Amino acid sequence: MIPLEAYLILAGLIFSIGLVNLFINRNLIIVFISLEVMLAGVNLALVALSHYMNDIRGQVLAIFTIAVAAGSVAVGLSLLIAHFNLKKSVDTEELCELKEE
Amino acid sequence: MIYLIFAYFCLSTLGISIMALTRKNPVHAVLWLLLLFLHVAVIYLFLNAEFLAMVQVIVYAGAILVMFLFTLFLLGARELPKKKRYTSMIEGRLLIGLSITATILAVFSSIKAKYTGKYTIKYIQEVGNTKAIGVMLFNEYSLAVLILGVILLIPMIAVSVLAWRRRDDTS
């Protein structure tokens, strides 16, 4: 029997790798990919707790998370395309102005 | 034997997520992300969540990553130059990120599963994982499913508004 802590530490490490990369990366596409990695870690923690607490609500919550993540990624990527059409760049440090010149 | 397989999947999941986030070419990053999602689906199978493993493969690998790839192709998928890969003030950001990491690991490694519900492994084997999830989803969480439909409808409208290009705007 694999202990619960193994799954939770794995989930925490996956989440943290995504989080650190979210902070330091400049490419907006890689930032979205690190958001996906963080969501994978969160879902893993939910499913692990659901298994070890004998309650299936964790898996239901993970399904909700996946569905909401799909919607948010769609909006984020379309915002990315709109920004790229305006500025011709995907750099996070050039995101500071919202106005069109 | 099961420990060996689990250790392989743990280590390869961590390695793949680092590989996915350090690639220079975004298309390579998306392909490493696909591999990461397949490995996470296998870890779901370790946890007796076979329906969620299939959802992970179908929705993430089938839909979201294809959306990422289409976006990359629309953008032209150019690589950023090497010296501009990370933000300025990277040391401070790394320090903040690593301290949050330490906090998360300290909290997660001290969680104990004290609560036990009535969905034991024996009960789920009797009913079936998919049926148990479906009964829970459409009885106890039926209002949440309806709200989820609205949540999925609004991004569809938002995306089509955002992607709208006016004719007189193309100068």
Side-chain angles (χ1 to χ4, degrees), chain A residues 2 4-21 23-27 29-30 32-34 36-37 40 44-45 47-57 59-60 62-64 66-68 70-75 77-82 84 90-93, chain B residues 6 10 13-14 17-18 20-21 26 29-30 33 36-37 40 43-44 47-49 52 55 59 63-64 67-68 71-72 74-75 80 84-87 90 93-94 96-98 100-101 104-105 108-109 111 113 115-120 132-133 136-137 141 144 148 151-152 155 158-159 162-163:
Chain A
I2 299 157
L4 171 64
E5 284 81 11
Y7 289 104
L8 285 180
I9 289 174
L10 177 67
L13 277 176
I14 295 173
F15 183 85
S16 316
I17 289 169
L19 186 78
V20 171
N21 228 288
F23 280 158
I24 65 173
N25 221 306
R26 275 180 90 152
N27 194 340
I29 300 165
I30 306 285
F32 274 112
I33 290 173
S34 58
E36 292 299 312
V37 173
L44 191 57
V47 177
L49 284 171
S50 153
H51 178 63
Y52 281 91
M53 290 187 179
N54 290 333
D55 199 335
I56 212 157
R57 289 182 181 85
Q59 296 182 25
V60 175
I63 289 175
F64 286 143
I66 289 174
V68 174
S72 66
V73 167
V75 174
L77 287 177
S78 67
L79 276 173
L80 175 65
I81 291 177
F84 183 78
V90 285
D91 199 332
T92 50
E93 299 205 336
Chain B
F6 180 71
C10 279
T13 305
L14 293 175
S17 52
I18 290 173
L21 296 175
V30 172
L33 190 65
L36 172 70
F37 283 152
V40 170
I43 296 178
Y44 287 168
L47 292 164
N48 290 337
L52 210 58
V55 165
V59 173
I64 293 183
M67 198 159 67
F68 265 105
T71 311
L72 288 178
L74 278 176
L75 295 183
L80 284 180
K84 283 175 65 182
R85 271 183 74 195
Y86 296 116
T87 50
I90 179 173
R93 289 168 195 245
L94 264 179
I96 295 173
L98 292 179
I100 294 175
T101 302
I104 288 170
L105 287 184
F108 269 23
S109 57
I111 289 178
Y115 169 79
T116 27
K118 65 187 181 68
Y119 286 84
T120 54
I133 289 179
M136 176 65 84
L137 195 64
Y141 289 94
L148 195 66
I151 288 177
L152 286 178
V159 166
L162 277 171

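The shown structure was predicted, so the numbers you read here are calculated from the model rather than taken from an experiment. Per chain, numbering begins at 1; letters A, B, ... match sequence-line order.
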Nearest 0.5 Å, what's the [atom1]-[atom2] distance between [X] and [Y]?
{"X": "B:I90", "Y": "A:I24", "atom1": "CD1", "atom2": "CD1", "value": "4.5 Å"}
{"X": "B:L72", "Y": "A:L77", "atom1": "CG", "atom2": "CG", "value": "8.5 Å"}
{"X": "B:L33", "Y": "A:F32", "atom1": "CG", "atom2": "CZ", "value": "13.5 Å"}

Nearest heavy-atom neighbours spanning [X] and [Y]:
{"X": "B:P155", "Y": "A:G71", "value": "CB-O, 3.7 Å"}
{"X": "B:M67", "Y": "A:V73", "value": "CE-CG1, 3.7 Å"}
{"X": "A:A70", "Y": "B:I64", "value": "CA-CD1, 3.8 Å"}
{"X": "A:I29", "Y": "B:P26", "value": "CG2-CB, 4.1 Å"}

Closer than 3.5 angstrom, by distance alone: can the side chain of B:R93 be matched with the main-chain N or O of A:F23 as a donor-acceptor pair?
yes
Could you check which of [options] has the highest count of heavy-atom pairs closer than 4.5 Å to chain B?
{"options": "A:L4, A:I66, A:L19", "result": "A:I66"}
{"options": "A:G12, A:A45, A:A6", "result": "A:G12"}
{"options": "A:V20, A:I81, A:L49, A:N21", "result": "A:N21"}
{"options": "A:L80, A:I9, A:I17, A:V68", "result": "A:I17"}

Let me know if [X] has heavy atoms under 4.5 Å from chain A in its side chain, its backbone, both or neither.
{"X": "B:L36", "value": "side chain"}
{"X": "B:S17", "value": "both"}
{"X": "B:V159", "value": "both"}

Of all of [options], which one pairs up most often with chain A through heavy atoms under 4.5 Å apart?
{"options": "B:L21, B:I111, B:I96, B:L148", "answer": "B:L21"}
{"options": "B:L152, B:I104, B:L52, B:I100", "answer": "B:L52"}
{"options": "B:Y141, B:Y119, B:Y115", "answer": "B:Y119"}
{"options": "B:I18, B:V55, B:L14, B:I43", "answer": "B:L14"}

Would you please test B:Y44 and A:L44 for side-chain contact (heavy atoms from CB on, under 4.5 Å) and show each step?
CA-CA 7 Å; B:Y44 287 168; A:L44 191 57; 3.7 Å; yes
Are A:Y7 and B:F6, when compared by the centres of their aromatic rings, separated by less than 6.0 Å?
yes
